[in-house]
Every structure is written in C-alpha cells, then in structure tokens.
Amino acid sequence: MSEHKHTNRLINETSPYLLQHAHNPVDWYPWGPEALAKSREEDRPILLSVGYAACHWCHVMEHESFENEAIAQLMNDHFVCIKVDREERPDIDSIYMNAVQMMTGHGGWPMTVFLMPDLKPFYGGTYYPPEPRHGMPGFPQVLMAIADS
C-alpha cells in the first residue's frame, strides 16, 4: 500500500455517494466555503463532479479515472476538485446541468463541469473515458487541455 500525500475530505460526509469516493486518490472537497475559498485564493478552476449512488456510469468513471493515480494527480495539480451528490444538492445539480445541456446539447451523470473561481461554468460534459474512445477525448486529455487554456 503506497502512502498518499493527498487529503480526501469526504470521509466525514453523510451521503453514501460521497462516502463511496472517500478513498479515491483525488483531493475531493464537498461543496462548501472551504473549497470555494481555495479556488479563489489560488486562482484555480474548480472541477465539479456530480453523480449519485445508483448511477452506473458514475461508478464506471470512478473506477476508471478517480481511482487512477495518474489521472487523480492531474486533477489535484490543476483543479480544486468538488464532489456533489445530486440527491443531496439538487440545487447545484440543476444549475450546472442546465449549463452542460446548453454547452453540449445533452446532459446526464456523472456530470463533469469546470468552473471559474467565481463559479461560472466554462466547459462541461458527462462521462469521459480514461483514454480516447468512440470519438470522445480521454479524461486526461480534457484535463490537460483545460489546464493549458
């Protein structure tokens, strides 16, 4: 078992969905003042990931990407990562699902939205595979392209 230097802040949450991600190598924050302040102070965009416990593709993306050390490292290096349970925060889910639908023409879960520190969404989508597939970019390519822009 390797030692991780990251801190995952979901372990004290009550949502079963957030607890499922409590041992990912991603530096997840729950939605709240700590994460939002960190984004503003460090002028880093937010990677908002929204899903729910019974969502099949949420589990697939967790297994493929959020449990992957290399992908987690990219997420931790470039973004403040926030995990939201849509069943616990339908208000947040609704705001950003509308944005993703306007940006992409479709929506669904898991939802991945990139926000400026002022919480304005600038890029988003649903499930991203770990490597390019079926004409979709791989999640690491998406992360790097957004980090570079």
Side-chain angles (χ1 to χ4, degrees), residues 1-100 103-104 107-131 137-149:
M1 196 76 182
S2 64
E3 274 303 304
H4 301 303
K5 290 189 293 286
H6 59 80
T7 314
N8 185 317
R9 292 155 189 85
L10 301 182
I11 198 70
N12 300 319
E13 293 297 302
T14 53
S15 148
Y17 177 67
L18 296 185
L19 290 171
Q20 283 170 8
H21 292 79
H23 300 288
N24 296 164
V26 177
D27 253 338
W28 290 121
Y29 284 82
W31 182 274
E34 186 188 0
L36 305 183
K38 182 177 171 73
S39 171
R40 287 191 303 269
E41 285 155 18
E42 298 180 8
D43 197 31
R44 282 165 65 192
I46 291 168
L47 188 170
L48 173 63
S49 176
V50 181
Y52 58 101
C55 163
H56 170 73
W57 287 102
C58 298
H59 293 289
V60 172
M61 189 163 174
E62 176 190 17
H63 181 65
E64 292 176 338
S65 292
F66 305 150
E67 291 176 356
N68 176 306
E69 291 283 345
I71 294 175
Q73 192 65 56
L74 287 176
M75 293 170 68
N76 296 339
D77 288 349
H78 299 289
F79 304 97
V80 175
C81 301
I82 301 180
K83 180 53 93 172
V84 166
D85 179 348
R86 68 176 287 247
E87 294 173 322
E88 192 175 64
R89 294 302 305 267
D91 53 327
I92 295 169
D93 177 57
S94 163
I95 290 166
Y96 293 109
M97 183 57 71
N98 287 336
V100 167
M103 285 188 265
T104 66
W109 297 275
M111 174 169 62
T112 310
V113 197
F114 296 89
L115 318 178
M116 299 304 287
D118 66 3
L119 307 184
K120 285 198 177 63
F122 64 89
Y123 189 77
T126 52
Y127 164 79
Y128 290 101
E131 67 281 313
F139 194 47
Q141 284 91 343
V142 172
L143 294 171
M144 289 315 300
I146 292 170
D148 291 344
S149 63

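When all heavy atoms of Val80 and Arg44 are compared, the closest pair comes out as N-NH2, 4.1 Å. Val50 and Asp93 get closest at one heavy-atom pair: CG1-OD1, 3.4 Å. Residues Glu64 and Ile71 approach most closely at O-CD1, 4.0 Å, considering heavy atoms. In this structure, Gly125 and Thr104 approach most closely via the heavy-atom pair CA-CG2, 4.4 Å. Cys58 approaches Gly51 most closely through the heavy-atom pair SG-CA, 3.7 Å. Closest of all the heavy-atom pairs between Pro25 and Asn76 is O-ND2, 3.1 Å.
In this structure, Ile46 and Leu36 have side chains that are in contact, with non-hydrogen atoms separated by less than 4.5 Å. At least one side-chain heavy atom of Ile11 sits less than 4.5 Å from a side-chain heavy atom of His23. Counting heavy atoms from C-beta outward, Leu143 and Phe79 have side chains that approach closer than 4.5 Å. Glu88 has its side chain within reach of Leu18: a pair of non-hydrogen atoms, C-beta onward, lies under 4.5 Å apart. A 4.5 Å side-chain heavy-atom check between Leu74 and Phe139 finds every atom pair outside the cut-off. You'll find the side chain of Ser149 stays beyond 4.5 Å of the side chain of Tyr123, heavy atoms only. The shortest distance between side-chain heavy atoms of Met61 and Thr112 falls below 4.5 Å.
From Met97, atom CE reaches atom CD1 of Ile92 across 13.0 Å, with rounding to the nearest 0.5 Å. Going from atom CD1 of Ile82 over to atom CZ of Arg89 covers 10.5 Å, rounded to the nearest 0.5 Å. Tyr52 contributes atom OH, which lies 10.0 Å from atom OH of Tyr17 (distance to the nearest 0.5 angstrom). Atoms NE2 and CG, from His21 and Leu10 in turn, are 8.5 Å apart once rounded to the nearest 0.5 Å. Atom CG of Asp85 sits about 10.0 Å away from atom CD of Glu13, to the nearest 0.5 Å. Note: His78 NE2 to Asp148 CG = 7.5 Å, rounded to the nearest 0.5 Å.
Counting only residues at least two apart or on different chains, the ring-ring contact (aromatic ring centres under 6.0 Å, His included) pairs with a member in residues 56-77 are Trp28-Phe66, Trp57-Tyr127.
Using a 30° and 60° split on the angle between ring planes, Tyr96 and Trp31 fall in the tilted class, from 30° to 60°.
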Steps toward side chain to side chain contact (heavy atoms under 4.5 Å, CB included) verdict (Phe114, Val142): CA-CA 10 Å; Phe114 296 89; Val142 172; 4.1 Å; yes
Would Arg9 and Glu34 satisfy salt bridge (charged side-chain N to carboxylate O under 4.0 Å, His left out), going step by step from the backbone distance to the final call? CA-CA 10 Å; Arg9 292 155 189 85; Glu34 186 188 0; 3.5 Å; yes
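At most 12 heavy atoms of other shown residues, nucleotides or ligands fall within 6.0 angstrom of atom CE in Met116.
Under the side-chain hydrogen bond (donor to acceptor under 3.5 Å, both in side chains) criterion, Glu41 pairs with no residue, sequence neighbours left out.
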